[in-house]
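Notes for the one structure printed next.
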Amino acid sequence: MNMSQDDSFFNKVFQVCKQIPKGKVTSYGAIAKAIGSPQSARMVGWAMNKSFSFEESIPAHRVVNRIGMLSGKKAFGNPNLMQQLLEQESIPVKDDQVQDFEKYFWDPIMLDF
DNA sequence: CACTTGACGTCGT
DNA sequence: GACGACGCCAAGT
């Protein structure tokens with residue numbers, strides 16, 4: 001099956017993730033809602049974990065849960081890497097939580113999927 | 001093939 | 001407002 005033209009859940013998730021502006025973050029639920037599956041937020045997170053298997057550079061570090069916590073930091077190999085990447089984009093992180101989450105939050109719903 | 005796990009979110013207490 | 005339970009869907013065991 002051809003993944004390049006795959007309109008499946010995963011592909012949509014990856015497309016959204018790649019379009020997250022630098023210095024911004026979003027939540028799994030927001031992505032799920034944006035692609036039309038608001039109740040499949042878990043699948044978004046699961047897709048992110050699998051995203052490392054894809055050659056495409058998915059900025060998975062820009063995706064956190066609804067409260068801005070770095071719930072998936074462990075998937076980066078080094079648990080501190082996710083926070084490092086966020087701070088690298090001028091996103092303040094403290095205690096595995098994005099500070100001023102609302103301020104840096106980017107809603108993918110505007111992509112009008 | 002049935003059960004458990006998981007980078008979540010919403011609702012009820 | 002913190003904590004627990006349930007629902008969601010796919011993959012791993």
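What you see is a predicted model; the values in this text were computed from it and never measured. Below, chains carry the letters A, B, ... as their sequence lines are ordered, and counting in each starts from 1. Quick note: numbers below take in every heavy atom, side chains included, and nothing from hydrogens, waters or symmetry partners.
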key: Whole-Å distance separating the CH2 atom of A:W46 from the P atom of B:dG9   = 17 Å
message = Without decimals, in angstroms, what is the distance between A:F14 CZ and B:dA7 C1'?
response = 12 Å
Distance, rounded to the nearest Å, where A:M69 contributes CE and B:dG6 contributes C1' = 14 Å
query = Is the A:Y28 to A:W46 ring centre distance short of 6.0 Å?
reply = no
ask   = A:Y104: what forms a ring pair (Phe, Tyr, Trp, His ring centres under 6.0 Å) with it, not counting sequence neighbours?
value = none
task = Assign A:A32 to base, sugar-phosphate, or nothing according to its heavy-atom contacts below 4.0 angstrom with the strands shown.
result = nothing
task = Would you please test A:E89 and A:R62 for side-chain contact (heavy atoms from CB on, under 4.5 Å) and show each step?
result = CA-CA 10 Å; A:E89 298 188 359; A:R62 292 182 190 153; 2.8 Å; yes
request  = Would you mind reading off the distance between A:K73 atom NZ and B:dC8 atom P, rounded to a whole angstrom?
outcome  = 13 Å
key: Atom NZ of A:K24: over 12 foreign heavy atoms under 6.0 Å   = yes
ask   = When only distance counts, do a donor and an acceptor, one from the side chain of A:R42 and one from the base of C:dG7, lie under 3.5 Å apart?
value = yes
inquiry  = Is a donor from one side chain sitting under 3.5 angstrom from an acceptor on the other, for A:E87 and A:Q83?
reply    = yes
inquiry  = Looking at A:Q39, I'd like to know if its CD atom is crowded, meaning that more than 12 non-hydrogen atoms belonging to other residues, nucleotides or ligands lie closer than 6.0 Å.
reply    = no
task = Let me have DNA chain C in dot-bracket notation, would you? Count Watson-Crick plus G-U wobble pairs, both distances under 3.5 Å, and use [ ] for pairs crossing earlier ones and | for inter-strand partners.
result = .||||||.|||||
task = Compare side-chain N and O positions of A:S37 against OP1 and OP2 of C:dC8 and report whether any pair is under 4.0 Å apart.
result = no
ask   = What's the closest nucleotide to the A:N65 side chain, out of C:dA10, B:dG9, B:dA7?
value = B:dG9
inquiry  = It should be established whether A:K50 places a side-chain nitrogen or oxygen under 4.0 Å from OP1 or OP2 of nucleotide B:dG6.
reply    = no
task = Figure out the CE/C1' separation between A:M48 and C:dC9, and round it to whole Å.
result = 16 Å
request  = Round to a whole Å and report the spacing from CD1 of A:I67 to P of C:dA2.
outcome  = 10 Å
note = Among the nucleotides C:dG12, C:dC9, B:dC8, whichever has the atom closest to the side chain of A:Y28 is B:dC8
query = Should A:F9 and A:V44 be marked as a side-chain contact (heavy atoms from CB on, under 4.5 Å) after you check the CA-CA gap, both sets of side-chain angles, and the distance that decides it?
reply = CA-CA 8 Å; A:F9 192 89; A:V44 177; 3.7 Å; yes
message = Rounding to an integer number of Å, can you tell me how far A:M43 CE sits from C:dA10 C1'?
response = 5 Å
task = Give the rounded distance in Å between these two atoms: CZ of A:R66 and C1' of B:dG9.
result = 6 Å
